[in-house]
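Notes to accompany the following structure.
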Amino acid sequence: MAEPSGSPHRSLYKLVGSPPWKEAFRQGCLERMRHSRDRLLNKYRQARGNMPGRAQSALLVQELMEEEWNALQSMESCPEALPQWEMPMDLAELEEIQQELIDQEQSIISEYEKSLQFDEKCLSIILAEWEANSLICPVCTKYNLRITSGVVMCQCGLHIAPHSPELTEQKLRACLEVSVNEHSAHCPHTPVFSVTEGTEKKSNLLMNCLACDTWAVII
């Protein structure tokens with residue numbers, strides 16, 4: 001369908017000017033793109049997944065070109081500018097400017113995507129390290145447990161003498177998960193953990209639930 005003769009898009013192709021004005025238009029468009037990074041990324045985030053790739057390749061370009069055209073049009077009111085608007089801008093030149101803007105737009109989006117990937121990678125590493133190495137104390141639920149040569153310790157004062165020198169954070173985590181899962185299978189309430197003195201004057205980590213009156217020895 002043909003565009004209305006007075007549309008801003010068609011008006012762009014009627015832009016007139018001597019070579020200095022063509023360069024002014026180009027530089028003005030590029031400057032607008034550089035200062036519209038946040039605006040572009042907001043459009044990109046909103047359109048992501050909802051627009052075909054080709055449509056996403058010029059999210060803001062046409063808009064910025066029309067804004068710059070309007071800014072230059074306002075200069076027609078200046079008498080000294082009128083002689084420079086006699087010859088139409090060549091369509092090939094306009095498309096060249098458009099492509100340059102699209103390239104700059106894609107460069108901004110690419111930089112943003114790389115930043116996102118870096119943030120996601122860092123988060124994945126942090127989570128993996130946390131899952132592999134950190135174990136929250138089940139008694140205070142505030143600090144991380146440390147296990148050295150089988151001795152279980154926490155900043156809250158928890159200290160359990162070694163029951164096995166092979167005990168590690170991973171093994172203790174597995175014991176806790178098994179006990180909690182077995183309890184949650186028949187009781188919706190949250191159990192609590194405590195340290196009590198067991199046989200041979202060694203402390204034990206216990207799990208008990210006041211709601212269902214069950215308990216289990218973790219270590």
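Predicted model only: the values in this text are computed from it and were never measured.
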How long is the straight-line distance from [atom2] of [Y] back to [atom1] of [X], given to the nearest 0.5 Å?
{"X": "Ile136", "Y": "Lys142", "atom1": "CD1", "atom2": "NZ", "value": "11.5 Å"}
{"X": "Ile109", "Y": "Leu40", "atom1": "CD1", "atom2": "CG", "value": "4.5 Å"}
{"X": "Leu59", "Y": "Arg45", "atom1": "CG", "atom2": "CZ", "value": "12.0 Å"}
{"X": "Leu41", "Y": "Gln46", "atom1": "CG", "atom2": "CD", "value": "11.0 Å"}
{"X": "Cys29", "Y": "Leu101", "atom1": "SG", "atom2": "CG", "value": "5.0 Å"}
{"X": "Glu67", "Y": "Gln62", "atom1": "CD", "atom2": "CD", "value": "11.0 Å"}

For [X], all residues meeting side chain to side chain donor-acceptor pair (under 3.5 Å), sequence neighbours excluded:
{"X": "Glu166", "answer": "Ser164"}
{"X": "Gln27", "answer": "Glu23"}
{"X": "Glu96", "answer": "none"}
{"X": "Asn208", "answer": "none"}

Among Ile, Leu, Val, Met, Phe, Trp and Tyr joined by side-chain contacts under 4.5 Å, find the other residues sharing a cluster with [X] and list them by chain and number.
{"X": "Val178", "answer": "none"}
{"X": "Leu206", "answer": "Trp215, Val217"}
{"X": "Val192", "answer": "none"}

If you take all heavy atoms of [X] and [Y], which pair is closest and at what distance?
{"X": "Leu172", "Y": "Leu205", "value": "CD1-CD2, 4.3 Å"}
{"X": "Leu167", "Y": "Ile147", "value": "O-CG2, 3.3 Å"}
{"X": "Leu60", "Y": "Glu105", "value": "N-OE2, 2.7 Å"}
{"X": "Tyr143", "Y": "Cys156", "value": "CD1-N, 3.9 Å"}
{"X": "Arg32", "Y": "Ala71", "value": "NH2-CB, 3.5 Å"}
{"X": "Leu145", "Y": "Glu169", "value": "O-OE2, 4.3 Å"}

Do other residues, nucleotides or ligands put more than 12 heavy atoms under 6.0 Å from Asp213 CG?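 12 or below, so no.
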Residues in side chain to side chain contact (heavy atoms under 4.5 Å, CB included) contact with [X], at least two apart in sequence or another chain:
{"X": "Cys175", "result": "Ile218"}
{"X": "Val180", "result": "Phe193, Met207"}
{"X": "Val151", "result": "Met153, His159, Pro162"}

Is the backbone of Leu176 close enough, under 3.5 Å, to the side chain of Ser179 for a donor and an acceptor to pair up by distance?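 No, Ser179 side chain to Leu176 backbone: no donor-acceptor pair under 3.5 Å.
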For the residue pair Ile219 and Asn204, establish whether any side-chain heavy-atom pair is separated by less than 4.5 Å.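 In short, these two side chains do not touch, never coming nearer than 4.5 Å.
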Going by atom types alone, do Asn70 and Glu66 pair a side-chain donor with an acceptor below 3.5 Å?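 No, no side-chain donor-acceptor pair sits under 3.5 Å.
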Taking atom types as modelled and ignoring hydrogens, do the side chains of Tyr44 and Glu113 form a donor-acceptor contact shorter than 3.5 angstrom?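 Short answer, yes.
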Residues that Arg146 engages under salt bridge (Lys or Arg N to Asp or Glu O under 4.0 Å), provided they are two or more places apart: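 By the salt bridge (Lys or Arg N to Asp or Glu O under 4.0 Å) rule, Arg146 matches no residue at all.
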List for me each residue that meets salt bridge (Lys or Arg N to Asp or Glu O under 4.0 Å) alongside Glu63, sequence neighbours excluded, and say none if there are none.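 Testing Glu63 for salt bridge (Lys or Arg N to Asp or Glu O under 4.0 Å), a comparison that skips the adjacent residues, returns Arg39, Lys43.
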Any chain of hydrophobic side-chain contacts (each under 4.5 Å) joining Val139 to Leu210?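 Per the 4.5 Å side-chain linkage, Val139 and Leu210 are not co-clustered.
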Verdict with supporting geometry, Gln104 and Val61, side chain to side chain contact (heavy atoms under 4.5 Å, CB included): CA-CA 10 Å; Gln104 186 175 4; Val61 169; over 6 Å; no
Hey, mind stepping through Glu68 and Leu64 against side chain to side chain contact (heavy atoms under 4.5 Å, CB included) and telling me if it holds? CA-CA 6 Å; Glu68 184 61 21; Leu64 294 183; over 6 Å; no
